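Working notes, structure below.
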Amino acid sequence: MSIKPRVIYWFRTDLRLHDSPALQAALDLKPSVLYPIWAWDSHYVYHARVGVNRWQFLLDCMNDVSQSITKLNEKSRLLVLREPAVTLLPKLLKAWKITHLVFEKDTDAYGRQRDERVIAAAEKLGVEVITRSGRTLWDSDDVVKAHDGKPTMSITQLQKAGAKVGLIAPPIDTPKSLPDPGDTALDIEQEQPDSKPDVNDKERQGEEKSYSSGISGPNGDFAVPTLQELGLKPATTPHRGGETVILERLERILADEDYTATFEKPKTSPAQFEPQSTFLTSPYLHFGALSCRYFYHRVETIVSSRRKAKKAVSEPPTSLTGQLLFRDMYFAAQAALGWKFGQTYNNDHCRFIPWHLPSKVDTKTGLVTGEYEIDDQAKETEFQRWRNGKTGFPWIDAIMRQLRQEGWIHHLARHSVACFLTRGGCYISWERGAEVFEEWLIDHEAACNIGNWNWLSCVSFYSQFYRCYSPVAFGKKWDPEGDYIRRYVPELKDMPKKWIYEPHKAPIADQKKAGVVIKGGGTEEEIGGVTAYPKPIFDFNTQRDICLDGMKNAYRIGLYGNSPKVLDGTWKELFADGAAGPTEGQRGGPGGTTGAEDADMHQHHDEDEVTTPKKSVEREKRSTKSPAVKNHKRERSQGTLDGAFKKAKG
DNA sequence: TGTGATGTTGCCCGT
DNA sequence: TACGGGCAACATCAC
């Protein structure tokens, strides 16, 4: 005699009904009842950096999937239970007499830990747990296994490992019907999670009430929460989530066969807006409203039929499918490295560069604490001005403001601002930048975000640090008129094209005509009754030289996050040659610069002051070898590394 | 312990 | 206007 299965389907980052291997596994059980639930996770509410725009996108996806469930069974909908899964599920499994718990596998470091605890608790209660990989093209753990347990560090590696794992699973149809949910009456005690520290507190305008009205929410109906319930400010993004939205948009993308089959990412513009140059599928992929395998196969079908017809097609890595391969590469890298993927300290795949504003480390756990050292107050100011879109470089500021406002920026725009914050400008830790993106991006995916910051800062995946994005030239290439800047930096909307990328060079008369004064550090909106836009935080060309010297030196020294000298803090001895970074004086702790309270070491300088380049020993030697170099610098405005080294060989 | 090609997307100049 | 060379230089991989 077998008991009819009573199943909980636990939704997580798979907010869709189509092509869901885990949901299919649940339905294959032929359950007598199926409870579609969401366990409200306090980690996401309080401890992960989640801005209001991503909250709204998540709630959109939840509402949409709930409505889709109801369309298949009018008695059913998404049941949102206000308690974290780890404490909630053991009680729930008992209360609802559950036989099977089914969910999609999560290879994020946090997700894995949470799921291990849930699985252990469920199995102790005799509940069968079924998980399926569904977030990536291939199961990331399988990819790692096929790659000898190592993280995949290039697309070729991913493709080779993927081929060993097997074919990318074909898509699964949306179910035609869903079982009834069982009785939702609940008589269990709610355990309220610890809300401290609440890193998202600054996003709130009211009281955070995620857990205060009980497990079933303020109306006792397990409804999807509102931003209000979370005490959050209204969202500012125009982008809305949901499986329905993206499936419709996907058809529009695929209907344009030329676009789909010849897509090349580097040829899409970071400066285009309304509409953007790409179709913005990333946040839907993140929340699982769109299946990456479904997307992949639909594109592949079009591409292969065109290939047969001998029509032009693009290929990975720049093609649409190539973009999905990169996503899998980062997921498999994270699956192999776990928590340390997200930090420099103790990370054997992350180069150690003595960045400014390094993360504080808890040497007991080996993990970063979420705080950072302010090794130099001027660098903290630069960081805040970068974050707030007030660097005085309009291209950078426009991108950062679009990010904050809309929660999405083009991939190349991410490159530009990431390079600028780290190796090609401020020389500030990539971990600071990754945190800002984590908070503001609606498509924030830990694996991809960390991977891309690693890439751009040249600590991992990529090493051609001499390829440096100019905050002036790169934007101009895409948008010579400066329309993108005018849109997101309205202070400069009337600035002539000639000065739009470098308004501090505009004559006072032109500034006056444009109704803006280029002055100050971005703290004042108006100066003398005129709209103000800040002066640049530094002279870019000078700063780029400092960065290049620093990178060259750090590469030469060749430390990684797990090098003994990084772990014990003695790394600083190796950086006595004046390379950029917080390496001077006697400071230097594990992974960073503990002991920064030594006030004498803080060289506070005026915001408008231009820093003098510190040449490394190596660099000096090369310069003296060819004195002609000094008189052969290019125009400061457009300079690249070429200028400084031109003819150095001959 | 070589050599040359390749690597998702630099910039500038010359043709 | 699109493309290739030069710039100085990184890691990895096939040979």
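These numbers come from a predicted model, not from an experiment. In what follows, chains are A, B, ... by sequence order, proteins preceding strands, each numbered from 1.
- When all heavy atoms of T268(A) and K265(A) are compared, the closest pair comes out as OG1-O, 2.7 Å.
- Checking Y469(A), F393(A), W395(A) one by one against F420(A), the ring pair (Phe, Tyr, Trp, His ring centres under 6.0 Å) holds for a single residue, F393(A).
- Separating the P atom of dT1(B) from that of dA9(C) is a span of 23 Å, rounded to the nearest Å.
- Distances from the side chain of Y466(A) to the nucleotides dA14(C), dG10(B), dC10(C) place dC10(C) closest.
- Atom C1' of nucleotide dG7(B) and atom CH2 of W455(A) are separated by 7 Å, given to the nearest angstrom.
- Between the P atoms of dC7(C) and dG2(B), the separation comes to 24 Å (whole Å).
- Across all strands shown, R414(A) has no heavy atoms under 4.0 Å from either base or sugar-phosphate atoms.
- Separation of the Y330(A) and F341(A) ring centroids does not fall under the 6.0 Å cut-off.
- Comparing dG7(B), dT9(B), dC11(B) by their closest approach to the side chain of R467(A) singles out dT9(B).
- Under the 3.5 Å distance criterion, the side-chain polar atoms of Q343(A) are matched with a main-chain donor or acceptor of V368(A).
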Exercise. Could you please spell out the steps behind the salt bridge (Lys or Arg N to Asp or Glu O under 4.0 Å) verdict for R432(A) and E435(A)?
Key: CA-CA 5 Å; R432(A) 302 289 74 72; E435(A) 284 165 2; 2.9 Å; yes
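- As a whole-Å value, the separation of F465(A) CZ from dT9(B) P is 16 Å.
- In this structure, CG on L285(A) lies 11.0 Å from CD on Q323(A), to the nearest 0.5 angstrom.
- Checking the phosphate oxygens (OP1, OP2) of dA2(C), no side-chain nitrogen or oxygen of K267(A) falls inside 4.0 Å.
- When the side-chain nitrogen and oxygen atoms of K477(A) are compared with OP1 and OP2 of dG10(B), none of them lie within a distance under 4.0 Å.
- Taking atom CG on L158(A) and atom C1' on dC13(C), their separation rounds to 17 Å, with Å as the unit.
- In secondary-structure terms, DNA chain C builds stems of at least 3 consecutive Watson-Crick or G-U pairs, each pair having both distances under 3.5 Å, at B:2-7 with C:10-15, B:10-15 with C:2-7.
- Contacts of Q323(A) with the nucleic acid, taken as non-hydrogen atoms under 4.0 Å apart, include base atoms.
- Closest to the side chain of S470(A), out of dC11(B), dC10(C), dT8(B), is dC11(B).
- In this structure, R252(A) fails the cation-pi test against F279(A), since its NZ or CZ atom is not both closer than 6.0 Å to the six-membered ring centre and inside 45 degrees of the ring normal.
- In this structure, Q157(A) reaches the dC13(C) phosphate: one of its side-chain N or O atoms is under 4.0 Å from OP1 or OP2.
- We find that the ring of F326(A) and the base of dT8(B) stack, their centres lying under 5.5 angstrom apart and their planes tilted less than 30°.
- Ranking dG7(B), dG10(B), dA14(C) by closeness to the F474(A) side chain, first place goes to dG10(B).
- Between H147(A) atom NE2 and dC13(C) atom P there is a gap of 8 Å when expressed in whole angstrom units.
- The side chain of I155(A) sits closest to dT8(B) out of dT8(B), dC11(B), dG7(B).
- Remark: R351(A) is in phosphate contact with dA11(C), judged by side-chain N or O atoms under 4.0 Å from OP1 or OP2.
- Nucleotides dA2(C) and dT8(B), compared at atom P, are 25 Å apart to the nearest Å.
- When distances run from any side-chain atom of K552(A) to the nucleotides dT8(B), dA9(C), dG7(B), the shortest one goes to dA9(C).
- Minimum atom distance to the side chain of Y462(A) is reached by dT9(B), of the listed dA11(C), dC11(B), dT9(B).
- Taking atom CD on Q159(A) and atom P on dT6(B), their separation rounds to 16 Å, with Å as the unit.
- For P317(A), taking side-chain heavy atoms from C-beta onward, the closest of the listed nucleotides dC10(C), dC12(B), dT8(B) is dT8(B).
- One atom, CE of M551(A), and another, C1' of dA11(C), lie 13 Å apart when rounded to the nearest Å.
- For the pair F420(A) CZ and dG10(B) P, the computed distance is 18 Å after rounding to whole Å.
- The aromatic ring centres of Y345(A) and F352(A) sit 6.0 Å or more apart.
- Look at the P atom in both dG4(C) and dT6(B): the space between them is 14 Å, to the nearest Å.
- Inspection of the W138(A) and D328(A) side chains reveals no N or O donor paired with an N or O acceptor under 3.5 Å.
- The CD-P distance, from Q464(A) to dT6(B), rounds to 13 Å in whole Å.
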